[in-house]
Amino acid sequence: MKTLIGRILAGVCILASAACTKIDNYDGPNASFQGNIVSSAGGNLLTSGNSSQIRLQQVGWTTPQTIPSKFDGTFQDTKLFKGNYKVVPTGGAFWPVTDTIIVNIGNDTKHDFTVTPYIIIKNFTSTLSGTTLTLKFDITAPIAAGLPIIKDVQPYVNTTKLVGAGASIRDFSDVNAVIINKQFTDMSPAEKSITLTIPNLIPGRTFFVRAGVRLSDSYNSSNFSEIVQVDIPK
């Protein structure tokens with residue numbers, strides 16, 4: 001009897017050991033997804049750090065995740081699980097996109113998304129006089145009806161090319177903002193031709209500068225100009 005019980009216990013131990021050493025044969029997160037957020041006005045939608053995202057949710061899973069856009073309007077994530085995802089751009093200064101698409105993400109999957117920006121910054125120029133920089137530009141709206149209120153316009157100044165909302169020097173950026181708080185349709189043509197002045201830049205330093213137009217949507221998002229390099233003489 002003792003021999004029989006011993007054999008049964010040994011069998012149980014072997015089965016338990018086999019269960020513990022089961023090999024995980026699922027693939028790791030080795031898929032990648034990249035692309036561009038394209039403006040309907042042409043070129044990529046220029047953004048600021050994390051100001052726009054690609055939201056994706058794997059089919060069959062309940063938790064969505066996001067890929068933040070880069071300053072040049074591109075995005076990339078190289079640590080995704082392979083599979084079908086519902087994907088949509090979100091969070092930026094563009095008209096909401098409500099239709100998701102299904103993308104089969106595998107190795108080096110690419111897809112571009114076209115969005116309609118709230119505001120387009122045109123004819124952007126920068127002029128340096130001594131240590132004072134002047135930015136001039138015009139704003140237009142592809143769709144004016146229903147546009148969120150335009151809260152303000154401001155320069156963004158930083159010492160690196162990573163310049164925008166959350167990445168700027170306050171004393172050259174926030175303090176030189178111009179409050180608007182108007183509907184785009186209530187602004188006169190003169191008000192849509194904007195001048196921003198940034199005085200007292202530091203001699204001998206190099207700055208990277210752009211302009212932004214902030215709107216009162218749920219994200220307080222901004223449309224941005226291109227980034228220019230400004231070298232202040234000693």
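Remember, it's a predicted structure, so these values are computed and weren't measured experimentally. All residue numbers refer to positions in the sequence shown, counting from 1.
In this structure, the side chains of F208 and V230 stay at 4.5 Å or more apart for every pair of heavy atoms. Within the 4.5 Å cutoff, no side-chain heavy atoms of V213 are placed close to those of S222. Side-chain contact check for L135 versus V209: some heavy-atom pair is nearer than 4.5 Å. Contact check for T78 versus Q34: no side-chain heavy atoms found under the 4.5 Å cut-off. Between L196 and V178, the closest side-chain pair of non-hydrogen atoms falls below 4.5 Å. Residues V97 and F113 have side chains not in contact (no heavy-atom distance under 4.5 Å, counting atoms from C-beta outward). Two residues are said to be in side-chain contact when any heavy atoms from C-beta on lie closer than 4.5 Å; I194 and D138 fail this criterion. Within the 4.5 Å cutoff, the side chain of Q154 has heavy atoms near those of the S173 side chain.
Clustering ILVMFWY residues whenever any of their side-chain heavy atoms sit less than 4.5 angstrom apart, transitively, puts I198 in a cluster other than the one holding V163. No single ILVMFWY cluster, assembled from side-chain heavy atoms under 4.5 Å apart, contains both V157 and V175. Under a hydrophobic-cluster definition in which Ile, Leu, Val, Met, Phe, Trp and Tyr are linked whenever side-chain heavy atoms come within less than 4.5 Å, directly or via other members, F81 and I67 are assigned to the same cluster. Residues V115 and F75 share a hydrophobic cluster, clusters being chains of Ile/Leu/Val/Met/Phe/Trp/Tyr side chains in contact below 4.5 Å. Taking hydrophobic clusters as Ile, Leu, Val, Met, Phe, Trp and Tyr residues chained together by side-chain heavy-atom distances below 4.5 Å, I232 shares a cluster with V228.
Between the T66 side chain and the P68 main chain, no donor and acceptor come within less than 3.5 Å of each other. Using modelled atom types, no side-chain atom of N36 and backbone atom of T74 make a donor-acceptor pair closer than 3.5 Å. No donor-acceptor pair closer than 3.5 Å links the side chain of T134 to the backbone N or O of T197.
T47 and S69 share a donor-acceptor pair across their side chains, judged by distance under 3.5 Å alone. With hydrogens and angles left out, the side-chain atoms of D231 and T206 include a donor and acceptor closer than 3.5 Å. Of the N and O atoms on the side chains of N158 and S168, not one donor lies less than 3.5 Å from an acceptor on the other residue. Side-chain contact, D77 with Q65: no donor N or O sits under 3.5 Å from an acceptor N or O.
Each of V88, V103, T90, I37 was compared with I54 under the side chain to side chain contact (heavy atoms under 4.5 Å, CB included) criterion, and only I37 meets it. Each of D217, L45, T114 was scored for a side chain to side chain contact (heavy atoms under 4.5 Å, CB included) with F94, with one residue passing: L45. For the side chain to side chain contact (heavy atoms under 4.5 Å, CB included) test with I180, the passing option among M187, K151, E191 is M187; the others fail.
Here the closest heavy-atom approach between residue V87 and residue F33 is recorded as CG1-CE2, 3.9 Å. When every heavy atom of Y118 is checked against every heavy atom of S221, the shortest pair comes out as CE1-OG, 4.1 Å. Summarising the geometry of N223 relative to A93, their closest heavy-atom pair is ND2-O, 3.0 Å, with the distance given to 0.1 Å. Nearest heavy-atom pair across K82 and A31 is CG-CB, 3.7 Å. For the pair F124 and A211, the tightest heavy-atom approach, listed with the atom from each and the gap, is CE1-CB, 3.9 Å. Residues L128 and P233 come closest through the heavy atom pair CD2-CD, 3.9 Å.
Taking the six-membered ring for Trp and the full ring otherwise, Y156 and F172 have centroids separated by 6.0 Å or more.
Note: N104 CG to T109 OG1 = 6.5 Å, rounded to the nearest 0.5 Å. A distance of 6.0 Å separates OG1 of T132 from CG of N200, quoted to the nearest 0.5 Å. Rounding to the nearest 0.5 Å gives a distance of 5.0 Å between CG of L162 and CZ of F71. Atom CG in L147 sits 8.5 Å away from atom OG1 in T185 (nearest 0.5 Å). Atom OG of S39 and atom CG of N44 lie 9.0 Å apart (nearest 0.5 Å). Rounding to the nearest 0.5 angstrom, the gap separating the CD1 atom in I120 from the OG atom in S40 is 6.0 Å.
Figure legend: cation-pi geometry between K192 and F184, with NZ or CZ positioned under 6.0 Å from the six-membered ring centre and within 45° of its axis.
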Practice item. Begin from the C-alpha positions of I150 and K182 and carry the test side chain to side chain contact (heavy atoms under 4.5 Å, CB included) through to its verdict. Key: CA-CA 6 Å; I150 297 178; K182 282 188 176 181; 5.9 Å; no
**Study point:** Test log, rule side chain to side chain contact (heavy atoms under 4.5 Å, CB included), inputs L215 and N220
**Key:** CA-CA 6 Å; L215 298 106; N220 270 327; over 6 Å; no
Practice item. For R210 and E226, run salt bridge (Lys or Arg N to Asp or Glu O under 4.0 Å): C-alpha distance rounded to whole Å, both residues' side-chain angles, the deciding distance at 0.1 Å, then the answer. Key: CA-CA 6 Å; R210 70 195 313 193; E226 61 193 276; over 6 Å; no
Point to revise | Criterion side chain to side chain contact (heavy atoms under 4.5 Å, CB included) on Y85 and T100, from CA distance to verdict | key: CA-CA 9 Å; Y85 288 78; T100 60; over 6 Å; no
Point to revise | K122 vs I139, side chain to side chain contact (heavy atoms under 4.5 Å, CB included): CA-CA, chis, key distance, verdict | key: CA-CA 6 Å; K122 302 176 66 175; I139 61 172; over 6 Å; no
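In this structure, D152 pairs ionically with R214, as a charged nitrogen and a carboxylate oxygen lie closer than 4.0 Å.
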